[in-house]
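Everything on this sheet refers to the single structure shown next.
This chain uses plain numbering: 1 for the first residue, then up along the sequence. Treat the numbers as computed from the prediction; the structure is a model and nothing was measured.
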Amino acid sequence: MNRVIFEGRFLVNVAGSIIRQDNLYPLRSGQDWERMFRTADYHKIANLIYLGLLGNTKMVSMHWRHRFFERYQEALHFGEICMNAEKELLALFDMKGIPCVVLSSCGIRNLYKIPETAGNSPLRLFLGPERYSLAKGYLIDLGYETDRLYPDCGERMSKVSGFSVEIYQKFPFETKAYKKNMQYLMEHSYLKESYRCIKVMSAEDRFIYRMAEAVYRYVTDELLIREVMDLYLYHKAWNSQLNKEYIHYRLSAFQIEDLAEKLLYIGYMWFGTKEDSGIPALHEDMGIYDVLENRILSRGELSKETNPQALELTRLIQRERAREKRRTKMEHAKKQIDKRWKGFMRIFGWIFPEYKYMCAIYPWLERLPVFLPVGWMIRGTRMLAGMLTHRNSKF
């Protein structure tokens, strides 16, 4: 088995044991814990893996146990500040009359039996372009600094305390179907209780948003184990109350309903128990799921994609990126042409000044405007003669 896949599956098994709170997955000697830590940190589950190391001190060096413990401490600290920071921001935006839609929040922590095993998830807000700059200004006043940009879409801003907020003026999705259906979800959001400007989505729409984002991140090789875990826990918690037909219809509008179901099934395979009845067992070749798992765990290095919807979405994204690249190239070429044309016009205007300027030099042109070309010739000859005289004087 490929080493990257082996390490990914090992971390999934440890994480699954913690989430299910069953017997811990046994550790074996010979593990490269530097690679393990970096992989766990990339997938944002290092804090959770720390609990799986307890009682296995002989297998892991003190240095790497300490690194995992640092992430666990950060998660503990985050739990103390996230709710207050989130309420503070929402109250501020509501007071200042800045309408926004809450895309996700640290409320996901409530779905974890052990809260500190949750990720340090940011508050994510969709503001639209009209209020984006104003909201960013208030965040700067509160001490937030930009630590990641999403070009033309938004940015993540963080505070020294460790709390982060992501603000978006456009969604970071490139296909027409995604843009159209994400806009639909925003338009069907409703005011959060006791707020005047803060909106939230229904339970179904929140799930659809998470599912659509997970699929998109999957085909762009950015989907994390943590995100699959959050998706599983959200679905497990709300499954009995979700309108299945509506969800299937909306995911079909995204053209991802089959791939979305398979990713959710992987979440249940990784973190669920035999008693979980979140989704029915799928009677098909399980090799299909091996392809999906390998792509997630290898971050796209081992991608033998076979799912038609994944292939089609990848094609659409590549087409949009190619179109954007052509547009950027054309804009650059246009700027270069405009720059050269302005340079040419400056030279042209210097060689052939306008009529009023020439009249100021040669008053007789006011009576004989038809002789303007003659005036240009006289001026040009005089300037050329002056240049030659100046050059000869140097020698």
Side-chain angles (χ1 to χ4, degrees), residues 5 8 42-43 103-104 124 126 150-154 166 168 170-188 201 204-232 234-235 244-270 279 282 284-328:
I5 299 300
Y42 170 80
H43 284 285
L103 303 178
S104 63
R124 306 172 73 200
F126 181 78
Y150 305 105
D152 300 323
C153 297
E166 292 184 357
Y168 295 92
K170 291 194 302 182
F171 285 108
F173 307 116
E174 297 167 276
T175 68
K176 292 181 179 179
Y178 261 78
K179 292 177 181 178
K180 177 181 177 181
N181 287 285
M182 285 296 177
Q183 186 61 38
Y184 174 89
L185 297 181
M186 297 304 99
E187 291 173 355
H188 286 76
M201 294 179 281
E204 286 87 359
D205 285 351
R206 287 199 303 272
F207 177 72
I208 291 166
Y209 176 83
R210 284 183 176 274
M211 197 73 263
E213 184 179 44
V215 169
Y216 196 92
R217 288 177 64 79
Y218 168 78
V219 300
T220 55
D221 299 317
E222 297 175 319
L223 184 62
L224 305 180
I225 294 174
R226 172 65 71 183
E227 292 165 343
V228 177
M229 189 184 301
D230 286 349
L231 188 63
Y232 155 73
Y234 185 91
H235 185 266
K244 312 294 192 299
E245 293 183 1
Y246 170 75
I247 291 173
H248 185 271
Y249 174 76
R250 296 279 9 134
L251 291 176
S252 298
F254 281 92
Q255 301 172 15
I256 59 170
E257 72 283 359
D258 176 66
L259 180 55
E261 185 178 30
K262 286 180 168 58
L263 288 181
L264 182 59
Y265 192 70
I266 285 177
Y268 273 86
M269 288 194 298
W270 282 356
I279 53 178
L282 303 180
E284 56 186 319
D285 180 13
M286 294 304 291
I288 295 173
Y289 296 94
D290 289 336
V291 173
L292 299 176
E293 285 183 315
N294 290 346
R295 183 170 182 178
I296 295 170
L297 298 178
S298 69
R299 311 177 203 176
E301 291 181 15
L302 299 177
S303 177
K304 298 179 181 178
E305 191 59 67
T306 58
N307 185 277
Q309 291 188 339
L311 294 171
E312 176 62 13
L313 182 54
T314 300
R315 185 188 69 82
L316 292 174
I317 292 173
Q318 290 174 344
R319 187 180 70 179
E320 291 300 323
R321 289 179 177 177
R323 182 179 298 169
E324 180 63 21
K325 187 176 181 180
R326 289 195 300 270
R327 187 186 67 81
T328 302

Ion pair Glu320/Lys179, N-O distance below 4.0 Å: no
Please determine whether a side-chain nitrogen of the Lys or Arg among Arg327 and Glu324 lies less than 4.0 Å from a carboxylate oxygen of the Asp or Glu. yes
Does the side chain of [Y] come within less than 4.5 Å of [X]'s, by heavy atoms?
X: Asn181; Y: Phe173; value: no
X: Leu224; Y: Met229; value: no
X: Glu305; Y: Leu292; value: yes
X: Phe254; Y: Leu259; value: no

Hey, does the side chain of Arg206 reach the backbone of Met201 with a donor-acceptor pair shorter than 3.5 angstrom? yes
Any donor-acceptor pair under 3.5 Å from Arg319 side chain to Thr175 backbone: no
Steps toward side chain to side chain donor-acceptor pair (under 3.5 Å) verdict (Tyr216, Glu222): CA-CA 8 Å; Tyr216 196 92; Glu222 297 175 319; over 6 Å; no
Of the non-hydrogen atoms in [X] and [Y], which two are nearest, and what is the gap between them?
X: Pro172; Y: Cys153; answer: CA-SG, 3.7 Å
X: Asp152; Y: Lys170; answer: O-CE, 2.9 Å
X: Ala177; Y: Ala253; answer: CB-O, 4.0 Å
X: Ile5; Y: Ser298; answer: CD1-CB, 3.8 Å
X: Leu313; Y: Val215; answer: CD2-CG1, 3.9 Å
X: His43; Y: Ile225; answer: ND1-N, 3.0 Å

How long is the span from the [atom1] atom in [X] to the [atom2] atom in [Y], to the nearest 0.5 Å?
X: Asp205; Y: Met186; atom1: CG; atom2: CE; value: 8.0 Å
X: Arg226; Y: Tyr42; atom1: CZ; atom2: OH; value: 14.5 Å
X: Arg323; Y: Gln318; atom1: CZ; atom2: CD; value: 13.5 Å
X: Glu166; Y: Tyr150; atom1: CD; atom2: OH; value: 3.5 Å
X: Tyr289; Y: Tyr265; atom1: OH; atom2: OH; value: 6.5 Å
X: Asp230; Y: Glu213; atom1: CG; atom2: CD; value: 10.5 Å

Pick from Glu261, Gln309, Glu257: which one makes a side-chain contact (heavy atoms from CB on, under 4.5 Å) with Leu251? Glu257
My understanding is that only one of Thr314, Leu316, Ile256 makes a side-chain contact (heavy atoms from CB on, under 4.5 Å) with Val219; could you say which? Thr314
Please walk me through it: do Trp270 and Ile296 pass side chain to side chain contact (heavy atoms under 4.5 Å, CB included)? CA-CA 12 Å; Trp270 282 356; Ile296 295 170; 4.0 Å; yes
Carefully, step by step, assess Leu264 and Leu231 under the rule side chain to side chain contact (heavy atoms under 4.5 Å, CB included). CA-CA 7 Å; Leu264 182 59; Leu231 188 63; 4.2 Å; yes
Is a donor from one side chain sitting under 3.5 angstrom from an acceptor on the other, for Tyr218 and Glu227? no
Tell me whether Glu245 at atom CD has more than 12 heavy atoms from other residues, nucleotides or ligands lying less than 6.0 Å away. no
Does a sphere of radius 6.0 Å around OH in Tyr246 hold more than 12 heavy atoms from other residues, nucleotides or ligands, not counting ones at 6.0 Å or beyond? yes
For the pair Tyr268 and His235, name the ring-plane relationship: parallel under 30°, tilted 30 to 60°, perpendicular over 60°. perpendicular
Geometric cation-pi criterion Arg250 and Tyr184, 6.0 Å radius, 45° cone: yes
